[in-house]
Amino acid sequence: MRTIIEPFRIKSVEPIQFTTREQRERALDAAGRNVFLLHADDVLIDLLTDSGTGAMSAAQWGAIMQGDESYAGSRSYYRFESVVRDLTGYKHIIPTHQGRAAERILFHNILKPGDIVLNNTHFDTTRANIEVEGAEARDIVVAEGRIPSAVLPFKGNVDLEKLEEALKCDGERVRLVMVTITNNSGGGQPVSIENIRGVRAICDKYRKPFFLDACRFAENAYLVKLREPGQQHRTPKEIAQEIFSLADGCTMSAKKDGLANIGGFLAMNDDRWAESCRNLLILTEGFPTYGGLAGYDLAAIAQGLEEVVEEPYLRYRIQSIKYLADKLDSAGIPCVKPSGGHAVYIDARAMLPHIPPLEYPGIALVNALYLEGGIRAVEIGTVMFGIHPDGTETPAPMDLVRLAIPRRLYTQSHIDYVAEAAIDVVKNRESLRGLKLTYAPRFLRHFTARFAPVETCELAEMA
Ligand code: F0G
């Protein structure tokens, strides 16, 4: 059959809220034009994130009922540990309440001011947790990873020449090399096994530890299976296992490919690092067999990690992302190509060339999608990445708008509706206006910033 259907049926439903355009205008105004500040009840289709928003399976809910809430040594922890160990092979498995807690614990333990972490592209929380230690988060993705229209299979790859150059020139300061799979901030693009092997070889040569940011490891594994020569005969799990085996550890948000609503972990082979991480964990997250989670959360993650590598699920997952990307593409909407693992990224800078990057074309598009269809997307651009630790602001490498698709949540008709609304917005693209910031905090400003439209008189002055 050519039609790839959802490999599940629906056992439990949740109503979604319809609003009028006037209601949405009022809600957006009250939220300072920042969709993070909307009430979720005012959103019809929520594509803000694929993190913690997926639907759990009946087996996960069943596992939740059997969660063991013992403070120490809970049965749910041991099941979780054995599933994570089988997948990753790492010696130490430390649960955390979500991905950024794993990042904070790792970086606080190993970084000092002036250190450098190299990564294909740091996610916002990863970057912030490095910078808060006074260290530098340096992105070294391949050049084509920053060209939305370039159609290449592995645009998340690390630029191995840049990696080697950084280690040659700043080797003393480089504390850790990371690879984010898939490369979320760069369009959800996968990283090839060949590239990860290359990173491993260079890290061995310069004796540097290498960690994965593994949030979307299963989607990356399936894209490797589809796109990398010689990988077609392997299961996604075998591919993921090899990728984990090439690194010394990982940070993980189980809110993505853990198919859970909350949770994460830090895993590694080094005994000394693990000991100091566990000590900090006890201070801020909890005892090492629960790490800020309930026993039932650990049970749901263990089950989710087994389901996420199943091939029918991954085939449907990757195909459903491509389905939306193809619809937008055929309507002439510029998107990051090819579509990746968890989201469709619209190139807002290309779509709205009349709005300069420092007037945030991504935010203008996010606002328009909400007003048009009650759809909530997220800017991954100059508001998220344009501000530097010294307070200066420059355009981010790209101004993207991400339509993140929660796992197993929406059906094909929801996605058809999203495409229809996006196509209506693009028809009126000239009418969209830029924005200016009226409030922004120092770190992670995109979450709580507020905006106002650039006034028509200001535009006239600029002209
Ligand atoms: N690393 C990557 C690549 C991520 O995408 C995220 C979260 C994190 C780390 C942090 O994990 O949220 O569990 O603390 N990304 C979400 C997103 C928030 O919308 O892309 P967390």
Side-chain angles (χ1 to χ4, degrees), residues 34-36 40 43 46-54 94-108 117 119-132 137 139 141 145 156 158 176 178-191 211-220 243 247 249-267 281 284-285 291-293 297 300-301 304-305 321 336 340-345 362 366 376-381 383-385 400-407 409 443-444 446-448:
N34 181 350
V35 293
F36 276 103
V43 175
D46 204 345
L47 307 184
L48 183 69
T49 178
D50 62 320
S51 179
T53 50
I94 303 170
T96 59
H97 79 271
Q98 60 184 84
R100 70 197 70 180
E103 292 164 0
R104 197 195 87 83
I105 286 169
L106 176 67
F107 297 142
H108 190 69
V117 179
N119 198 331
N120 43 355
T121 314
H122 292 85
F123 183 64
D124 60 352
T125 60
T126 324
R127 171 174 291 280
N129 273 300
I130 292 167
E131 289 175 353
V132 82
D139 295 342
V141 71
V158 171
L176 182 69
M178 291 189 82
V179 177
T180 304
I181 53 173
T182 57
N183 189 26
N184 183 18
S185 312
Q189 297 293 313
V191 181
F211 271 51
L212 296 165
D213 177 338
C215 302
R216 301 179 178 85
F217 73 93
E219 290 163 3
N220 198 89
I243 290 176
C250 71
T251 56
M252 169 77 189
S253 167
K255 300 172 73 172
K256 286 87 169 169
D257 277 349
L259 297 180
N261 299 128
I262 194 70
F265 57 85
L266 176 61
L281 184 88
T284 61
E285 294 275 300
L293 295 168
D297 295 321
I301 296 167
L305 287 170
I321 307 294
V336 174
H342 66 294
V344 175
Y345 293 69
V366 165
R376 177 155 70 170
V378 70
E379 188 243 29
I380 301 213
V383 173
M384 195 180 270
F385 291 116
L400 305 177
V401 166
R402 183 184 74 174
L403 303 170
I405 312 295
R407 293 169 182 77
L409 196 75
F443 288 108
L444 295 172
H446 51 288
F447 288 125
T448 53

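Whatever order the structure lists them in is the order used to number ligands and atoms, beginning at 1.
- Scanning the protein for heavy atoms near atom 8 (C) of ligand 1, the closest one is Phe123 CD2, 3.5 Å.
- For the pair Cys250 and Ala214, the tightest heavy-atom approach, listed with the atom from each and the gap, is CB-CB, 4.2 Å.
- A salt bridge is absent between Lys256 and Asp50: the closest approach of a Lys/Arg side-chain nitrogen to an acidic carboxylate oxygen does not fall below 4.0 angstrom.
- Counting only heavy atoms of the protein, atom 7 (C) of ligand 1 lies nearest to Lys256 NZ, 2.5 Å.
- The closest donor-acceptor contact from the side chain of Asn183 to the backbone of Gln189 lies at 3.5 Å or more, if one exists at all.
- Looking only at distances, no side-chain donor or acceptor of Asp297 sits under 3.5 Å from a matching main-chain atom of Gly263.
- Among protein heavy atoms, atom 12 (O) of ligand 1 sits closest to Arg100 NH2, 2.9 Å.
- Of the protein's heavy atoms, Glu103 OE2, 3.1 Å lies nearest to atom 9 (C) of ligand 1.
- Distance alone, capped at 3.5 Å, is enough to place a donor-acceptor pair between the Asp46 side chain and the Leu48 backbone.
- Pairing each heavy atom of Leu176 with each of Phe211, the nearest pair is CD1-CD1, 3.7 Å.
- By the 4.0 Å heavy-atom criterion, Gly264 is excluded from the residues contacting ligand 1.
- Atom-to-atom distance recorded for His122:NE2 and Asn184:CG is 13.5 Å, nearest 0.5 angstrom.
- Distance from atom 10 (C) of ligand 1 to its nearest protein heavy atom, with residue and atom name: Thr125 OG1, 3.4 Å.
- Salt bridge absent: Arg104 and Glu285 never bring a charged side-chain N and a carboxylate O closer than 4.0 Å.
- Protein heavy atom nearest atom 13 (O) of ligand 1, with residue, atom name and distance: Ser253 OG, 2.7 Å.
- Residue contacts with ligand 1 for Lys255 involve side-chain atoms from C-beta outward but no N, CA, C or O (heavy atoms, distance under 4.0 Å).
- By the criterion of a heavy-atom distance under 4.0 Å, the side chain of Arg402, and not its backbone, is placed next to ligand 1.
- In the vicinity of Arg216, heavy-atom distances shorter than 4.0 Å reach the ligand 1 atoms 3 (C), 4 (C), 5 (O), 17 (C), 20 (O).
- Here is the list of ligand 1 atoms found below 4.0 Å of a heavy atom in Gly99: 11 (O), 13 (O), 14 (O), 21 (P).
- Per-residue contacts place Asp213 under 4.0 angstrom from the following atoms of ligand 1 (heavy atoms of the residue considered): 1 (N), 2 (C), 3 (C), 9 (C).
- The nearest protein atom to atom 21 (P) of ligand 1, hydrogens excluded, is given as Gln98 NE2, 3.3 Å; this is a heavy-atom distance.
- Taken from CG in Leu305 to CE in Met252, the straight-line distance is 5.5 Å, to the nearest 0.5 Å.
- Atom numbering of ligand 1 starts at 1 in the shown order; those under 4.0 Å from a heavy atom of Thr180 are 3 (C).
- Between atom CD1 of residue Ile262 and atom NZ of residue Lys255 there is a gap of 4.0 Å, rounded to the nearest 0.5 Å.
- Short contacts between ligand 1 and Thr49, defined as distances under 4.0 Å to a heavy atom of the residue, involve ligand atoms 16 (C), 17 (C), 19 (O).
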